[in-house]
2 protein chains.
Amino acid sequence: MSKRRYEGEQTKKHIVDKAKILFSQKGYVSTSIQDICAATGCSKGNLYYHFKSKEDLFLCLAEQNFTEWSEQWEKISSEYESITEKLYAYGDFIADIERPLHSIEREFISTVGLDSEAGQKLFAIINISFEKFKKFMSEGIAAGELKNENLFELTFIVSSFYSGLSRYSNLMDKDARKALFHKATTLLLQGIGTRNEK
Amino acid sequence: MSKRRYEGEQTKKHIVDKAKILFSQKGYVSTSIQDICAATGCSKGNLYYHFKSKEDLFLCLAEQNFTEWSEQWEKISSEYESITEKLYAYGDFIADIERPLHSIEREFISTVGLDSEAGQKLFAIINISFEKFKKFMSEGIAAGELKNENLFELTFIVSSFYSGLSRYSNLMDKDARKALFHKATTLLLQGIGTRNEK
DNA sequence: TTTATTAGACCGAACGGTCTGTTTATAAGG
DNA sequence: CCTTATAAACAGACCGTTCGGTCTAATAAA
């Protein structure tokens, strides 16, 4: 039972990985099951053996994406001392991701409906990562490195900032992206940092 | 010949207006021609009498959107003196738009292909507005109100900033959005303004 | 034999787009 | 002033294609 099971897990993972790339490239609706089958080399029947629907596949993949993001985040957080350094590292990290999935999350929600089961599931996943980011921001405030603004607003603005950047910079090559994110972080920090008041 | 012509223009405008809302709500691919027909009350034949394809309709609507945006922009620019005031007014203006179309532009391009005729047309439209924004930024630098950063990078970062914000805040009500954009502009300016150096 | 896996023919629905036919306001001719 | 020709404006049946999803049969490890 073990070798077969292992192979099954492998194909499942393979499908998730390829689908993530396709979804990020073409969007949720425009990426068809057939596209994913062609990219993975597996059959439609096989795909539907592992995932019960297209929505299910996307949610699996979103969750995996979130988990990876979360682990990276913890790693960055532990490697640097100051919030400033962490923020630069964060910028560098997301500049490094060539196909961010969060561009597609909105499309998914508006397609399946915010109130649907799938919509709520994705919303929950997004919310967890937002809360993590919020906690991170609050530490920055507590440490006196960030201005003592309304926590929700501050988190929202900063995360939107990076999301917007990564969304619109995906045509650049990686080096240009990294440089851009570095500059962006500098500009952001000089606004947020307490060193420069009013 | 005049009344009929007038009516034709009216329906065309009506289709564009409704389609703009639908596209911004549901995305380009997810909005079907039938959806637009149902929303406008016009028939499919009529729609295809006025527009030669779905792409053509979207491009018309994008161009109209750009024109309106441009006019508003000129108005704001002329009403205020300092770049700071203009930036607040700009934030207020785009917070007021409940369904920004620029969330969909990327989807359109990735659907039709960047190298396709339609993709290039939209790209040109976007570029023009980006150039306008760049010119605006350069005036801010020349006036000494904005830091003398690389003009392209600065423009890119600032416009991404507002795009990201409007993209992720469209679930809020208008007042909350305006407050958020005001706060965001403040944070942005304190990073960009020359008053607070290093 | 049993059971996890894989393949692909197949289905109804919905898609963008076409085609043919009908209505209607205007211009011309008597 | 009335008729008739014309073209703009509109309606909706229809077409080929593709979509997400199902189902049955085959395969191969245990």
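Every value quoted in this text rests on a predicted model; they were computed, and no experiment measured them. So you know, we letter chains A, B, ... as the sequences are listed, proteins then strands, and number each from 1.
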Residue pair K12(B)/E55(A) against DNA chain D: nearer the 5' end by closest nucleotide is K12(B)
Rounded to whole Å, the CG-P distance (D56(B) to dG16(C)) equals 15 Å
Picking from dT6(C), dG16(C), dA11(D), the nucleotide nearest the side-chain atoms of S43(B) would be dA11(D)
OP1 or OP2 of dA4(C) under 4.0 Å from side-chain N/O of H50(A) = no
Check your understanding: Is the NZ or CZ atom of K54(A) both under 6.0 Å from the centre of the six-membered ring of F108(A) and within 45° of that ring's axis?
Key -> no
Out of dT6(C), dG21(D), dA7(C), minimum distance to the side chain of C42(A) belongs to dA7(C)
Ranking dA9(D), dG17(C), dG20(D) by distance to the side chain of N46(B), first place goes to dA9(D)
Heavy-atom count around E63(B) CD within 6.0 Å, excluding the residue itself: above 12?
no
> Counting N and O atoms only, with roles assigned by atom type, does the side chain of K26(B) sit under 3.5 Å from a partner on the main chain of T31(B), one being a donor and the other an acceptor?
Replying inline: no
Here the distance between atom P of dG17(C) and atom CG of L57(B), to the nearest Å, is 10 Å
*Looking for any heavy atom pair under 4.0 Å, which part of the strands does S30(B) touch: base, sugar-phosphate only, or nothing?*
nothing
Here the distance between atom C1' of dG20(D) and atom CD1 of I33(A), to the nearest Å, is 7 Å
Numerically ordered, the residues 18-27 of chain B set in heavy-atom contact under 4.0 Å with DNA chain C is none
- Task: Tell me whether the OP1 or OP2 atom of dC15(C) has a side-chain N or O from S32(B) closer than 4.0 Å.
- Result: yes
Between F133(A) and the options F66(A), F161(A), Y90(A), F152(A), the ring pair (Phe, Tyr, Trp, His ring centres under 6.0 Å) test singles out Y90(A)
ask   = Parallel, tilted or perpendicular for W69(A) and W73(A), by the 30°/60° rule?
value = parallel
When rounded to whole Å, the CD1 to P distance for the pair I36(B) and dC15(C) reads 11 Å
message = OP1 or OP2 of dC19(D) versus the side-chain N and O atoms of Q34(A): is any pair under 4.0 Å?
response = yes
### Query
Is the shortest distance from a Lys or Arg side-chain nitrogen in E71(B) or K75(B) to a carboxylate oxygen in the other one below 4.0 Å?
no
> Between the side chains of S43(A) and N46(A), does any donor sit under 3.5 Å from an acceptor?
Replying inline: no
Separation of dA25(C) atom C1' from Q10(B) atom CD, nearest Å, is 16 Å
Per nearest nucleotide of DNA chain D, the residue lying toward the 5' end, T31(A) or T11(B), is T11(B)
Q. Does K86(A) make a cation-pi contact with F136(A), if we ask for NZ or CZ under 6.0 Å from the ring centre and within 45° of the axis?
A. no
From CG of L47(A) across to P of dG20(D) the rounded distance in Å is 10 Å
Among the nucleotides dT6(C), dG17(C), dG20(D), whichever has the atom closest to the side chain of Y49(A) is dT6(C)
Between L122(A) and A62(A), the two heavy atoms sitting closest are CD1-CB, 3.8 Å
What nitrogen or oxygen pairs link the protein and nucleotides 22-24 of chain D at under 3.5 Å?
none

May I ask you to say whether K13(A) pairs ionically with D17(A), meaning some side-chain N is under 4.0 Å from a carboxylate O? yes
